[in-house]
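Data first, discussion second: the structure below is written as structure tokens.
Letters A, B, ... mirror the listed sequences (proteins, then strands); counts begin at 1.
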There are 2 protein chains.
Amino acid sequence: MSLTAQNKQERTGRLSADDWAQAALDMIAEQGVAAVAVEPLARRLGVTKGSFYWHFPSRDALLVAALERWEKVEQETVFGQLEPIPDPRERLRALFTLVAHEFKSHVIYSELLKALDHPAVQPVIGRVSERRLDYLTASFRQAGLSRTDAQHRARLLYAAYVGFLQLNLQLHQARMQHDEFEAYVEHMMATLIPST
Amino acid sequence: MSLTAQNKQERTGRLSADDWAQAALDMIAEQGVAAVAVEPLARRLGVTKGSFYWHFPSRDALLVAALERWEKVEQETVFGQLEPIPDPRERLRALFTLVAHEFKSHVIYSELLKALDHPAVQPVIGRVSERRLDYLTASFRQAGLSRTDAQHRARLLYAAYVGFLQLNLQLHQARMQHDEFEAYVEHMMATLIPST
DNA sequence: ACCTGAACACCGTTCAAGT
DNA sequence: ACCTGAACACCGTTCAAGT
């Protein structure tokens, strides 16, 4: 049940579906979605690949389970920490700093962005994005923007965030350092979040 | 040498490396990077997969060749059409409308964004992004912004573009229609491109 | 309830032999 | 100069048999 990794030799008994799902998530964080393969995972868990199919009907089902697990945790941590903040501008700012600093969750999000190719990844990322987008839109409305303005602004802000992650993944040279990152986030918020 | 597709039965003679590269590009546009597989391509081209290895040392080499081909074409069409435009603001606007409307090139770009997972894709996308980013930065400088302002603004604008593409790929419901897309681009430019 | 081991399909890769 | 056909490795999947 624990969300922390349980590595190879550390187990005594037999495995559960959850163990496989967690191993898959760890693999995504370490080496990306493509690295989630039955044989290597079985090796890592110290069993034969045949046993995998007692727990899941397919590799895809494992991926889906792992991603659902991630989705639940990320939703709870992100929105759980945001709800108590009353001021909409503060909340917008908090969303970005949170999402940029929650380390492991953030690493996995980046990996998923890279693997949008995969049919199991798309719906999860889609739901997460939609939730965040709705949240941003609502906050902009509370901050006094009209319906369409709020929608456009939310889309622009979230696109700026996702695109920024993408750029950081893309650029070989010129990847940003921590300070520069903070400066950029400041610029983004100053430009896109209404200060009135 | 032609950049248009040459389908299966239409060829008489034997194949060249270029034929394989073009077939790979077509495949990317149709079904994504993952669909570039030797056996299916061989089937489509009407030969056995063994013959592929006369032209390329590996599947990866084919991908690299296909992507280089795309990179060259996209660079020529995009920047070729932009250079003659004197006003920097006009040029910024032109970059976005161009990049959003050049159909096939744009489809491939989207597919590559989804496959950033793949080691052959990253460097190409990285170079293209870097070129566009430099271009935006230069235009903002010409439009009168300071060095850091121009950098931030360019990054933000390009991130907004890339992120927007990502969002459109991600959201199951609520994918934007043509009119809505134009309205959003207007909003983005109005917000991010200085009008002075 | 969970695991092994052997089997098969699919795709990447190699290579000797064909034209 | 380009292609075939058979072979092998790797991974996903199945399944009968084990504990």
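As rounded to whole Å, 4 Å separates atom C1' of dC2(D) from atom CZ of R14(B). Per the geometry, CZ belonging to F52(B) stands 16 Å off C1' belonging to dT4(D), to the nearest Å. In this structure, L41(B) atom CG and dC3(D) atom C1' are separated by 16 Å, rounded to whole Å. Spacing between atom CG of L15(A) and atom C1' of dA1(C) amounts to 12 Å, rounded to whole angstrom units.
With respect to the salt-bridge test (charged N to carboxylate O, under 4.0 angstrom), the residues R93(B) and E186(B) qualify.
Aromatic ring centres of W20(B) and F52(B): separated by under 6.0 Å.
Looking at T137(A) and D134(A), their side chains never bring a donor and an acceptor atom within 3.5 Å of each other. Side chains of D26(A) and Q22(A): a donor on one and an acceptor on the other come within 3.5 Å.
Tested against E74(A), the residues R69(A), R127(A), R132(A) include a single salt bridge (charged side-chain N to carboxylate O under 4.0 Å, His left out) partner, R132(A).
Base pairing in DNA chain C gives the following stems of 3 or more Watson-Crick or G-U pairs, range against range and under 3.5 Å: C:4-8 with D:12-16, C:12-16 with D:4-8.
When every heavy atom of S129(B) is checked against every heavy atom of L167(A), the shortest pair comes out as CB-CD2, 4.1 Å.
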Give the intermediate values and the outcome of salt bridge (Lys or Arg N to Asp or Glu O under 4.0 Å) for residues R131(B) and E71(B).
CA-CA 11 Å; R131(B) 230 177 275 130; E71(B) 186 181 358; 2.6 Å; yes

List the atom pairs, with distances to 0.1 Å, where a side-chain N or O of residues 110-120 of chain A and a protein N or O form a donor-acceptor pair under 3.5 Å, not counting sequence neighbours.
{"from": "S110(A)", "atom 1": "OG", "to": "H106(A)", "atom 2": "O", "distance (Å)": "3.3"}
{"from": "H118(A)", "atom 1": "ND1", "to": "A120(A)", "atom 2": "N", "distance (Å)": "3.0"}
{"from": "H118(A)", "atom 1": "NE2", "to": "R59(A)", "atom 2": "NH2", "distance (Å)": "3.2"}

In 5'-to-3' order, the base (B), backbone-only (S) or no-contact (-) status of each nucleotide in nucleotides 5-12 of chain C, using a 4.0 angstrom heavy-atom cut-off, is B-----BB

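Listed pair H55(B) / dA1(D) fails the phosphate criterion, with no side-chain N or O lying under 4.0 Å from OP1 or OP2.
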